[in-house]
Amino acid sequence: MGTPPGPADPTAQNGRVRLAVTSARRVVVKIGSSSLTTASGGLDDARVDALVDTLARLAADGREVVLVSSGAIAAGLAPLGLSRRPRDLATQQAAASVGQGLLIGRYAAGFARHRLTVGQVLLTVDDVTRRAHYRNAYRTLRKLLDLRAVPIVNENDTVATEEIRFGDNDRLAALVAALVHAELLVLLSDVDALWTGDPARPESTRITDVRDERDLAGVQIGGAGRAGVGTGGMVTKVEAARIATGFGIPVVLTAAPLAAAALAGDEVGTLFHAERRRPTARLFWLAHATTPRGRLHLDAGAVAAVVGRRKSLLPAGITAVDGAFTAGDPVDLVDAGGAPVARGLVNYDAVELPGLLGRSTGELAAALGPAYEREVVHRDDLVLL
């Protein structure tokens with residue numbers, strides 16, 4: 001699965017060395033709960049130390065490292081006498097409040113052996129979906145790196161509600177990688193690579209390279225692992241890889257015990273090659289770091305104009321409106337079947353739009369005034385999905 005790189009490919013391998021990995025100076029590494037803890041909960045000291053030693057070597061080589069670490073909830077299970085990850089939000093938050101301190105304390109002690117300081121950065125979805133928060137998160141991470149500290153990022157499970165959760169740290173890691181303009185994202189879990197099917201089945205094969213969606217055709221992607229302490233799975237990792245590579249960041253997916261080899265550029269795990277053209281930060285933010293506040297239903301002509309000809313969305317092409325949004329909010333543009341085709345920043349409040357649907361801007365301007373001779377979503381504020 002996957003095609004061999006051509007000689008002009010900047011991510012081509014020199015022997016067994018992946019140049020896209022070894023040339024990266026700013027690296028985001030994400031590790032999952034199952035790779036840090038025991039199945040019954042509690043941190044595995046040997047696993048934590050192995051990861052810390054690997055990342056400390058990167059820092060010693062002058063590379064900037066950001067660690068996105070799951071494990072707060074899992075680390076809090078055993079101290080609270082919980083035998084498995086709780087399903088209700090309140091108990092999850094209680095476990096996180098206990099486990100987060102244990103987790104960052106263990107990291108601080110581990111990195112201190114290498115004379116490195118860590119900084120804890122807890123984020124919610126708001127911190128990467130609201131522009132003011134987004135910029136503030138960037139400044140914090142950038143300053144920590146400038147001070148030669150190792151930022152350790154996690155979702156702020158103790159305060160996040162169901163409505164403002166990332167749901168998994170794979171997506172968080174991809175957004176953090178874009179936020180800090182990383183040159184490499186490494187996703188570590190309990191699976192050594194992306195496989196065509198269940199790795200336990202003899203007919204399954206390891207995928208060494210993913211260059212585009214064709215390399216994923218026919219791949220059976222599984223959910224969360226057997227340990228039961230994580231929330232992600234291969235689905236979330238592949239989606240995170242799509243997000244990061246779409247921003248021009250290559251991604252290596254492999255198992256935690258192979259982290260050192262992966263970061264040395266060895267051909268382990270799966271390398272997702274970055275797309276050649278990096279989108280503007282604003283459109284990337286709109287596509288991946290926003291939560292739509294509503295939906296605009298488009299007729300076939302409007303879909304063709306927006307998707308095929310990259311035109312602005314006008315009131316005449318909208319058939320229905322869902323949601324409670326205000327001007328400036330992100331909304332999804334959906335086709336007749338309800339499938340999202342684009343996302344954009346709307347120029348009207350939800351309560352204004354029903355009276356405008358199906359009418360031309362010229363007609364609206366004549367009836368309601370020149371303020372209504374404007375697009376519902378301008379093409380500069382629109383990204384295709």
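Throughout, numbering of the chain's residues begins at 1 and tracks the sequence. Only a predicted model underlies this, so the values are computations on that prediction, with no experimental measurement involved.
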Give, for atom [atom1] of [X] and atom [atom2] of [Y], the distance between the pair rounded to the nearest 0.5 Å.
| X | Y | atom1 | atom2 | answer |
| --- | --- | --- | --- | --- |
| Trp195 | Met234 | CH2 | CE | 11.0 Å |
| Phe247 | His181 | CZ | NE2 | 4.0 Å |
| Asp192 | Leu258 | CG | CG | 6.5 Å |
| Arg18 | Leu271 | CZ | CG | 4.5 Å |
| Leu188 | Ser35 | CG | OG | 7.0 Å |
| Leu313 | Ile318 | CG | CD1 | 4.0 Å |

Review point. Step by step, would you call Val376 with Asn347 a side chain to side chain contact (heavy atoms under 4.5 Å, CB included)?
Key: CA-CA 5 Å; Val376 176; Asn347 288 324; 5.9 Å; no

- Task: Not counting sequence neighbours, list each pair that qualifies as a side-chain hydrogen bond (donor to acceptor under 3.5 Å, both in side chains) and has a residue in residues 376-385.
- Result: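 Listed once each, the pairs are Arg282-Asp381.
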
Any side-chain heavy-atom pair of [X] and [Y] under 4.5 Å:
| X | Y | result |
| --- | --- | --- |
| Asn154 | Ser69 | no |
| Arg171 | Thr236 | no |
| His114 | Arg57 | no |
| Leu36 | Leu51 | yes |
| Leu384 | Val341 | no |
| Lys30 | Leu187 | yes |
| Leu194 | Phe272 | yes |
| Leu141 | Val153 | yes |

Review item, side-chain donor-acceptor pairs of residues 296-308, under 3.5 Å, at least two apart:
from: His297; atom 1: NE2; to: Asp322; atom 2: OD2; distance (Å): 2.6
from: Asp299; atom 1: OD1; to: Gly301; atom 2: N; distance (Å): 3.2
from: Asp299; atom 1: OD1; to: Ala302; atom 2: N; distance (Å): 2.8

Exercise for the section: Find out if a path of hydrophobic residues (ILVMFWY) with successive side-chain heavy-atom gaps under 4.5 Å connects Leu356 to Val334. Expected result: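 Result: no, two separate clusters.
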
Notebook entry, point to check: Should we say atom CZ of Arg113 is surrounded by more than 12 heavy atoms from elsewhere, each under 6.0 Å from it?
Noted result: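 Counting other residues, nucleotides and ligands, CZ of Arg113 exceeds 12 neighbours.
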
Got a donor-acceptor contact below 3.5 angstrom from the [X] side chain to the [Y] backbone?
| X | Y | result |
| --- | --- | --- |
| Ser33 | Ser70 | no |
| Thr91 | Arg87 | no |
| Asp335 | Gly337 | yes |
| Gln92 | Pro86 | yes |
| Arg47 | Ser34 | yes |

| Is Arg374 positioned over the aromatic face of Tyr348, cation under 6.0 angstrom from the ring centre and no more than 45 degrees off axis? |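 Arg374 over Tyr348 ring: yes.
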
*Can you name the nearest heavy-atom pair linking Arg63 to Leu263, along with the distance?*
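Answer, listing the atom of Arg63 first, then Leu263: NH1-O, 3.7 Å.
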
Practice task
Evaluate the criterion side chain to side chain contact (heavy atoms under 4.5 Å, CB included) for residue pair Val176 and Leu123; output intermediate values, then yes/no.
Solution key: CA-CA 10 Å; Val176 167; Leu123 300 175; 4.2 Å; yes

| task | Could you please spell out the steps behind the salt bridge (charged side-chain N to carboxylate O under 4.0 Å, His left out) verdict for Arg214 and Asp212? | result | CA-CA 5 Å; Arg214 291 173 295 181; Asp212 55 43; 2.6 Å; yes

query = Of the options Arg25, Arg148, Arg142, which is the one that meets Glu64 in a side chain to side chain donor-acceptor pair (under 3.5 Å)?
reply =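 Going through the options one by one, the only one that passes is Arg142.
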
Between side-chain atoms of residues 360-369 and protein atoms elsewhere (two or more places apart, or another chain), which donor-acceptor pairs fall under 3.5 Å?
from: Ser360; atom 1: OG; to: Glu363; atom 2: N; distance (Å): 3.1
from: Glu363; atom 1: OE2; to: Arg359; atom 2: NE; distance (Å): 3.3

